[in-house]
Amino acid sequence: MRHVQAPDPLSRAFFARSPIVVAEALLGTLVCHRLSGDGLLTATIEEVEAYFGPADLASHARAGRTARTRPMFGPPGHAYVYRLYGVHWAFNVVAHEPGEDAGAVLVRAVLPVAGVEAQRLRRARPHDRVERLGAGPGRVCQALGITGDDSGRDLTAGAPLWIAPPPFARDDDESREVLVGPRVNVAYAGEWADRPYRLGLAGSPALSRPFVTPSPDGRADSRPARHHRR
DNA sequence: TGATTGATGTACT
DNA sequence: GTACATCAATCAC
């Protein structure tokens, strides 16, 4: 396999902003995981969700600081990994402004870049198309080999797990356009369930599911919500 | 000490 | 479209 120069990690300051700002900034960036045996696995972030502090009824921080959620209340730029439905892992990046107590960005979908075959073999369904290997929070962790052991890890310190700036220019396609919608499966969160905190790259083949915005009459709109160009 | 609950994915009809 | 695996964290006694 071709040797790949490991890119530098994003700085602490990148993550020390509002979760929704960090969420949008993370689109197109590169998750890097160096694993003994598989070498360097990388994938671009295609879809994210922002979660705020205790006031956000959809956020794990709503219950306050617990053993599980401790990383969310810690310094920005660390990983928060938790078990979902007792089956899957989900990968978050801790992000909040200085002075705020908690916040994180859930990585819902990635597109494998380096170590694609290794990522394929890690998946329960290795026959999936590359574009679908990381299309969902659980799939992200399976493909990249991220587990609960990584929770609390500093993502700004480089190997073994870090996030690097976008590796590709996206000037000439519509992937720079950002889709916006409500977060997935947080209906229990009252008014917070409807807030537009799910972001994705328009035209990405790796989205976990389509973006659909509710229209004022309550029916689903057939067109995805469009955001400004970046 | 026991019961419920998910920021889901996969297999199956 | 529906069923269900599978379990840590959390909450109700």
Side-chain angles (χ1 to χ4, degrees), chain A residues 15 18-20 22-24 26-27 31 43 45-74 78-96 102-112 119-152 155 179-200 204-214 220:
Chain A
F15 302 102
S18 164
I20 191 66
V22 174
E24 179 166 357
L26 279 173
L27 291 173
V31 179
I45 295 178
E46 306 285 308
E47 180 186 333
V48 292
E49 282 175 357
Y51 288 87
F52 291 80
D56 180 357
L57 297 181
S59 172
H60 288 174
R62 69 187 182 274
R65 190 187 302 241
T66 67
R68 178 180 63 149
T69 62
R70 189 176 66 250
M72 271 190 86
F73 290 82
H78 288 245
Y80 166 48
V81 185
Y82 65 93
R83 187 156 323 248
L84 186 56
Y85 293 99
V87 183
H88 308 287
W89 295 105
F91 173 52
N92 297 253
V93 180
V94 176
H96 53 81
V105 177
L106 170 67
V107 179
R108 287 192 55 87
V110 298
L111 191 56
Q119 294 186 51
R120 189 193 297 284
L121 292 172
R122 286 184 164 277
R123 289 275 298 124
R125 298 177 59 185
H127 54 283
D128 273 353
R129 300 170 58 210
V130 177
E131 294 83 4
R132 306 307 294 167
L133 291 181
R139 297 178 182 190
V140 168
C141 289
Q142 224 179 53
L144 290 173
I146 295 170
T147 71
D149 290 342
D150 294 305
S151 198
L155 299 173
L179 303 177
V180 180
R183 294 173 292 187
V184 174
N185 285 347
V186 296
Y188 56 85
E191 62 159 315
W192 286 83
D194 302 323
R195 300 197 179 194
Y197 293 158
R198 178 187 176 216
L199 308 175
S204 170
L207 298 181
S208 64
R209 60 179 69 184
F211 276 75
V212 178
T213 44

Write down the atom of [X], the atom of [Y], and the distance for their closest heavy-atom approach.
X: A:R62; Y: A:D56; answer: CB-O, 3.6 Å
X: A:P71; Y: A:A79; answer: CB-O, 3.6 Å
X: A:F52; Y: A:P19; answer: CE2-CD, 3.7 Å
X: A:L207; Y: A:E46; answer: CD2-O, 3.7 Å

Using a heavy-atom cut-off of 4.0 Å across all strands, would you classify A:A58 as base, sugar-phosphate, or nothing?
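Base contact.
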Any donor and acceptor pair, going by atom type alone, linking the side chain of A:H96 with main-chain N or O of A:G74 inside 3.5 Å?
yes
Under 4.0 Å protein heavy-atom contact, by nucleotide of nucleotides 8-13 of chain B - B base, S sugar-phosphate only
BSSS--
Parallel, tilted or perpendicular: rings of A:Y197 and A:W192 (30°, 60°):
tilted
Whole Å only: how far is the OH atom of A:Y51 from the P atom of B:dG6?
12 Å
Quickly work out the A:M72 CE to B:dA7 C1' distance and round it to whole Å.
10 Å
Are any of the side-chain heavy atoms of A:T69 and A:Y82 separated by less than 4.5 Å?
no
So do A:V186 and A:L57 actually touch side chain to side chain, heavy atoms under 4.5 Å?
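Result no, sub-4.5 Å side-chain heavy-atom pair not found.
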Let's test this: given Watson-Crick or G-U wobble pairing with both distances under 3.5 Å, identify the partner of C:dA12.
B:dT1
Watson-Crick or G-U counterpart of B:dC12, or none if no pair lies under 3.5 Å:
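Paired with C:dG1.
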Interface polar pairs with nucleotides 9-11 of chain C, N/O, under 3.5 angstrom:
unit_1, atom_1, unit_2, atom_2, d
C:dA9, O3', A:R68, NE, 3.2
C:dT10, OP1, A:T66, OG1, 2.5
C:dT10, OP2, A:T66, OG1, 3.1

Pair of N/O donor and acceptor under 3.5 Å linking C:dA8 base with A:Y82 side chain:
no
